[in-house]
Amino acid sequence: MEVKDGTHSSPANVSNGGHPLVTSKAIKGVSVDFSQTKNISEVDFTEINKRSLVEYHDILISMIGTVGIVHLVTEKPVNYAIKNVGLIKSSNNEMLATFLYFYLLSNHGQTYIKENLSGSTQQFISLTNLRKMQIPLLSEISSELLKQLNYMAQQIEENSKENNILTSIKNSLLEKFF
(Lines give C-alpha, C1' and ligand atoms only; values in the text may rest on other atoms or scores of the structure.)
Protein backbone atom coordinates (compact mmCIF):
# COMPACT_ATOMS: atom_id res chain seq x y z
CA MET A 1 0.00 0.00 0.00
CA GLU A 2 1.15 3.50 -0.73
CA VAL A 3 2.04 5.60 2.34
CA LYS A 4 2.08 9.40 2.03
CA ASP A 5 1.56 12.41 4.22
CA GLY A 6 -0.33 15.64 3.81
CA THR A 7 1.03 19.07 3.01
CA HIS A 8 3.73 20.64 5.14
CA SER A 9 2.80 24.18 4.11
CA SER A 10 0.42 26.40 6.06
CA PRO A 11 -2.24 27.68 3.66
CA ALA A 12 -4.21 30.75 4.66
CA ASN A 13 -7.48 30.39 6.51
CA VAL A 14 -10.58 31.53 4.62
CA SER A 15 -13.50 32.87 6.60
CA ASN A 16 -16.31 32.01 4.17
CA GLY A 17 -16.67 28.58 2.60
CA GLY A 18 -13.59 26.65 1.69
CA HIS A 19 -12.56 23.15 2.66
CA PRO A 20 -11.40 21.87 6.06
CA LEU A 21 -7.68 21.25 6.55
CA VAL A 22 -7.31 18.27 8.88
CA THR A 23 -4.26 18.05 11.16
CA SER A 24 -3.30 15.39 13.71
CA LYS A 25 -5.20 17.10 16.52
CA ALA A 26 -8.48 16.73 14.60
CA ILE A 27 -8.17 12.95 14.24
CA LYS A 28 -10.23 11.39 17.00
CA GLY A 29 -10.15 7.74 15.95
CA VAL A 30 -13.62 6.89 14.72
CA SER A 31 -14.19 10.46 13.60
CA VAL A 32 -12.56 13.68 12.50
CA ASP A 33 -13.36 16.68 14.69
CA PHE A 34 -13.99 19.46 12.19
CA SER A 35 -14.29 22.01 15.01
CA GLN A 36 -10.49 21.58 15.26
CA THR A 37 -9.84 22.55 11.62
CA LYS A 38 -9.43 25.72 9.64
CA ASN A 39 -10.87 26.20 6.17
CA ILE A 40 -8.68 26.66 3.12
CA SER A 41 -9.39 28.00 -0.35
CA GLU A 42 -10.39 25.89 -3.34
CA VAL A 43 -6.99 26.60 -4.92
CA ASP A 44 -5.08 25.38 -1.83
CA PHE A 45 -7.43 22.37 -1.51
CA THR A 46 -6.78 21.36 -5.12
CA GLU A 47 -3.02 21.86 -4.78
CA ILE A 48 -2.76 19.79 -1.57
CA ASN A 49 -4.85 17.00 -3.08
CA LYS A 50 -2.40 16.66 -5.98
CA ARG A 51 0.05 15.29 -3.39
CA SER A 52 -2.26 13.57 -0.93
CA LEU A 53 -5.83 13.02 -2.06
CA VAL A 54 -7.85 11.38 0.72
CA GLU A 55 -10.43 8.90 -0.53
CA TYR A 56 -13.00 6.48 0.87
CA HIS A 57 -11.41 3.66 2.89
CA ASP A 58 -7.99 5.28 3.06
CA ILE A 59 -6.43 5.32 6.52
CA LEU A 60 -5.30 8.46 8.33
CA ILE A 61 -2.78 8.26 11.17
CA SER A 62 -1.64 11.07 13.43
CA MET A 63 2.11 11.51 13.00
CA ILE A 64 2.95 14.35 15.37
CA GLY A 65 1.94 15.28 18.91
CA THR A 66 -0.41 12.51 20.00
CA VAL A 67 0.99 9.94 17.58
CA GLY A 68 -0.76 6.76 16.47
CA ILE A 69 -4.43 7.75 16.40
CA VAL A 70 -5.91 5.92 13.43
CA HIS A 71 -8.98 6.81 11.36
CA LEU A 72 -10.61 4.75 8.62
CA VAL A 73 -12.09 7.22 6.13
CA THR A 74 -15.77 6.49 5.68
CA GLU A 75 -16.88 9.74 4.06
CA LYS A 76 -18.06 9.70 0.46
CA PRO A 77 -17.00 12.04 -1.04
CA VAL A 78 -14.12 13.28 1.09
CA ASN A 79 -14.26 17.06 1.23
CA TYR A 80 -11.11 17.86 3.20
CA ALA A 81 -7.34 17.96 2.80
CA ILE A 82 -4.67 16.89 5.29
CA LYS A 83 -1.58 18.50 6.80
CA ASN A 84 1.17 16.53 8.60
CA VAL A 85 -1.07 13.45 8.75
CA GLY A 86 -0.08 9.99 7.54
CA LEU A 87 -2.16 8.72 4.62
CA ILE A 88 -2.27 5.03 3.77
CA LYS A 89 -3.96 4.55 0.43
CA SER A 90 -6.34 1.58 0.36
CA SER A 91 -5.83 0.94 -3.35
CA ASN A 92 -9.63 0.56 -3.47
CA ASN A 93 -9.36 -2.69 -1.51
CA GLU A 94 -11.86 -2.34 1.34
CA MET A 95 -11.00 -5.69 2.92
CA LEU A 96 -7.28 -4.88 3.01
CA ALA A 97 -7.97 -1.38 4.35
CA THR A 98 -10.22 -2.76 7.09
CA PHE A 99 -7.62 -5.34 8.11
CA LEU A 100 -4.85 -2.73 8.15
CA TYR A 101 -7.01 -0.31 10.17
CA PHE A 102 -7.55 -2.88 12.91
CA TYR A 103 -3.91 -3.98 12.74
CA LEU A 104 -2.79 -0.39 13.36
CA LEU A 105 -5.14 -0.25 16.36
CA SER A 106 -3.78 -3.54 17.73
CA ASN A 107 -1.04 -3.89 20.33
CA HIS A 108 1.38 -4.93 17.55
CA GLY A 109 0.68 -1.84 15.45
CA GLN A 110 0.68 0.59 18.39
CA THR A 111 3.87 -0.94 19.83
CA TYR A 112 5.64 -0.49 16.50
CA ILE A 113 4.57 3.15 16.40
CA LYS A 114 5.68 3.84 19.99
CA GLU A 115 9.04 2.12 19.45
CA ASN A 116 9.73 4.20 16.34
CA LEU A 117 8.97 7.69 17.64
CA SER A 118 11.49 10.49 17.20
CA GLY A 119 11.76 13.95 18.69
CA SER A 120 12.38 15.15 22.21
CA THR A 121 10.21 18.27 22.48
CA GLN A 122 7.38 17.00 20.31
CA GLN A 123 7.27 13.33 19.37
CA PHE A 124 6.54 12.21 15.83
CA ILE A 125 6.79 9.15 13.63
CA SER A 126 8.53 9.64 10.32
CA LEU A 127 7.03 8.71 7.00
CA THR A 128 10.03 6.41 6.50
CA ASN A 129 9.22 4.47 9.68
CA LEU A 130 5.55 4.18 8.70
CA ARG A 131 6.64 2.74 5.36
CA LYS A 132 8.96 0.22 7.06
CA MET A 133 6.21 -1.25 9.26
CA GLN A 134 5.90 -5.00 8.77
CA ILE A 135 2.30 -6.13 8.26
CA PRO A 136 1.24 -9.82 8.33
CA LEU A 137 0.09 -11.20 4.99
CA LEU A 138 -3.65 -11.44 4.48
CA SER A 139 -3.32 -15.04 3.33
CA GLU A 140 -2.35 -15.88 6.92
CA ILE A 141 -5.61 -14.43 8.25
CA SER A 142 -8.78 -16.52 8.33
CA SER A 143 -11.73 -15.46 6.21
CA GLU A 144 -13.95 -15.61 9.30
CA LEU A 145 -11.76 -13.05 11.07
CA LEU A 146 -11.88 -10.79 8.03
CA LYS A 147 -15.70 -11.02 7.99
CA GLN A 148 -15.81 -10.02 11.65
CA LEU A 149 -13.42 -7.11 11.10
CA ASN A 150 -15.49 -5.93 8.14
CA TYR A 151 -18.66 -6.10 10.26
CA MET A 152 -17.00 -4.07 13.04
CA ALA A 153 -15.79 -1.47 10.52
CA GLN A 154 -19.34 -1.13 9.15
CA GLN A 155 -20.67 -0.63 12.69
CA ILE A 156 -18.02 2.03 13.32
CA GLU A 157 -18.99 3.76 10.08
CA GLU A 158 -22.69 3.74 10.99
CA ASN A 159 -21.99 5.02 14.50
CA SER A 160 -19.73 7.74 13.14
CA LYS A 161 -22.44 8.92 10.73
CA GLU A 162 -24.98 8.95 13.54
CA ASN A 163 -22.58 10.92 15.76
CA ASN A 164 -22.11 13.50 12.99
CA ILE A 165 -25.88 13.89 12.62
CA LEU A 166 -26.33 14.27 16.38
CA THR A 167 -23.52 16.83 16.53
CA SER A 168 -25.17 18.84 13.75
CA ILE A 169 -28.51 18.76 15.58
CA LYS A 170 -26.83 19.80 18.84
CA ASN A 171 -25.03 22.70 17.15
CA SER A 172 -28.22 23.81 15.45
CA LEU A 173 -30.13 23.76 18.73
CA LEU A 174 -27.37 25.64 20.53
CA GLU A 175 -27.45 28.36 17.85
CA LYS A 176 -31.20 28.72 18.29
CA PHE A 177 -30.98 28.94 22.07
CA PHE A 178 -28.11 31.40 22.16
Side-chain angles (χ1 to χ4, degrees), residues 1-8 20-34 36-37 48-120 122-161 163-164:
M1 296 181 100
E2 187 177 8
V3 180
K4 303 177 174 192
D5 62 352
T7 185
H8 295 267
L21 181 64
V22 172
T23 61
S24 286
K25 69 181 179 182
I27 299 174
K28 303 297 183 194
V30 297
S31 65
V32 174
D33 182 0
F34 291 102
Q36 301 282 318
T37 63
I48 291 168
N49 282 338
K50 286 179 185 175
R51 168 190 169 113
S52 51
L53 177 65
V54 180
E55 298 174 292
Y56 178 74
H57 260 83
D58 285 345
I59 298 168
L60 303 179
I61 182 168
S62 60
M63 294 178 63
I64 191 164
T66 306
V67 181
I69 300 175
V70 182
H71 174 69
L72 180 64
V73 177
T74 58
E75 299 87 1
K76 269 187 183 179
V78 176
N79 192 32
Y80 57 84
I82 56 173
K83 176 182 175 169
N84 295 330
V85 170
L87 172 63
I88 302 173
K89 300 297 292 175
S90 71
S91 304
N92 296 316
N93 185 331
E94 289 184 30
M95 187 169 61
L96 182 59
T98 301
F99 170 75
L100 184 56
Y101 169 72
F102 284 106
Y103 179 79
L104 289 169
L105 290 175
S106 75
N107 286 335
H108 293 281
Q110 290 294 305
T111 298
Y112 176 86
I113 291 167
K114 287 178 178 54
E115 289 176 351
N116 287 279
L117 293 176
S118 301
S120 56
Q122 187 170 40
Q123 293 192 313
F124 67 93
I125 187 163
S126 70
L127 199 53
T128 301
N129 283 338
L130 279 180
R131 289 178 176 146
K132 287 181 181 178
M133 183 184 294
Q134 298 287 318
I135 308 293
L137 294 174
L138 271 178
S139 62
E140 299 170 3
I141 308 301
S142 77
S143 62
E144 186 58 36
L145 175 61
L146 289 174
K147 287 178 189 175
Q148 291 298 318
L149 292 176
N150 194 44
Y151 173 77
M152 290 185 334
Q154 288 172 350
Q155 291 302 116
I156 289 170
E157 182 176 349
E158 289 173 19
N159 290 342
S160 181
K161 287 177 183 176
N163 285 342
N164 290 337

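For the single chain, residues carry numbers from 1 onward in sequence order.
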Under the salt bridge (charged side-chain N to carboxylate O under 4.0 Å, His left out) rule, collect the residues that match up with Lys50, sequence neighbours excluded.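 Result, salt bridge (charged side-chain N to carboxylate O under 4.0 Å, His left out) vs Lys50: Glu47.
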Sort out for me which residue in Leu60, Thr66, Asp33 forms a side-chain contact (heavy atoms from CB on, under 4.5 Å) with Ile27.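 Filter result, single survivor: Leu60.
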Validation row: [X], [Y] side chains within 4.5 angstrom (heavy atoms):
X: Val54; Y: Glu75; value: no
X: Tyr80; Y: Val73; value: yes
X: Ile61; Y: Ile113; value: yes

Main chain of [Y], side chain of [X]: is a donor-acceptor contact present, judged purely on distance under 3.5 Å?
X: Asn116; Y: Asn129; result: no
X: Asp5; Y: Gly86; result: no
X: Gln110; Y: Gly68; result: yes

Nearest-0.5 Å distance that lies between atom [atom1] in [X] and atom [atom2] in [Y]:
X: Ser62; Y: Lys25; atom1: OG; atom2: NZ; result: 13.5 Å
X: Leu87; Y: Glu55; atom1: CG; atom2: CD; result: 8.5 Å
X: Leu72; Y: Thr98; atom1: CG; atom2: OG1; result: 5.5 Å
X: Met133; Y: Leu104; atom1: CE; atom2: CG; result: 5.0 Å
X: His71; Y: Ile69; atom1: NE2; atom2: CD1; result: 12.0 Å
X: Leu117; Y: Gln122; atom1: CG; atom2: CD; result: 11.5 Å

Which heavy atom of Ser90 sits nearest a heavy atom of Ala97, and at what distance?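 In this case the closest contact between Ser90 and Ala97 is CB-CB, 3.6 Å.
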Where do Ala26 and Val22 come nearest, in terms of heavy atoms and distance?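 Taking Ala26 first and Val22 second, the nearest heavy atoms are CB-CG1, 4.1 Å.
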Test side chain to side chain contact (heavy atoms under 4.5 Å, CB included) applied to Tyr103 and Ile59, step by step: CA-CA 11 Å; Tyr103 179 79; Ile59 298 168; over 6 Å; no
Please check if the number of heavy atoms outside Lys132 that lie under 6.0 Å from its NZ is greater than 12.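 No, because the 6.0 Å sphere around NZ of Lys132 holds 12 heavy atoms or fewer from other groups.
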More than 12 heavy atoms of other groups within 6.0 Å of Lys4 NZ: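 Atom NZ in Lys4 is crowded, with more than 12 foreign heavy atoms closer than 6.0 Å.
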Under the rule for side chain to side chain contact (heavy atoms under 4.5 Å, CB included), what residues qualify as partners of Gln155, not counting sequence neighbours?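 Gln155 satisfies side chain to side chain contact (heavy atoms under 4.5 Å, CB included) with Tyr151, Glu158 only.
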Does the pair Phe124 and Asn84 meet the rule for a side chain to side chain contact (heavy atoms under 4.5 Å, CB included), with working shown? CA-CA 10 Å; Phe124 67 93; Asn84 295 330; over 6 Å; no
Taking it one step at a time, do Ile135 and Tyr112 satisfy side chain to side chain contact (heavy atoms under 4.5 Å, CB included)? CA-CA 11 Å; Ile135 308 293; Tyr112 176 86; over 6 Å; no
Going through the distances and angles, do Thr37 and Leu21 end up as a side chain to side chain contact (heavy atoms under 4.5 Å, CB included)? CA-CA 6 Å; Thr37 63; Leu21 181 64; 5.6 Å; no
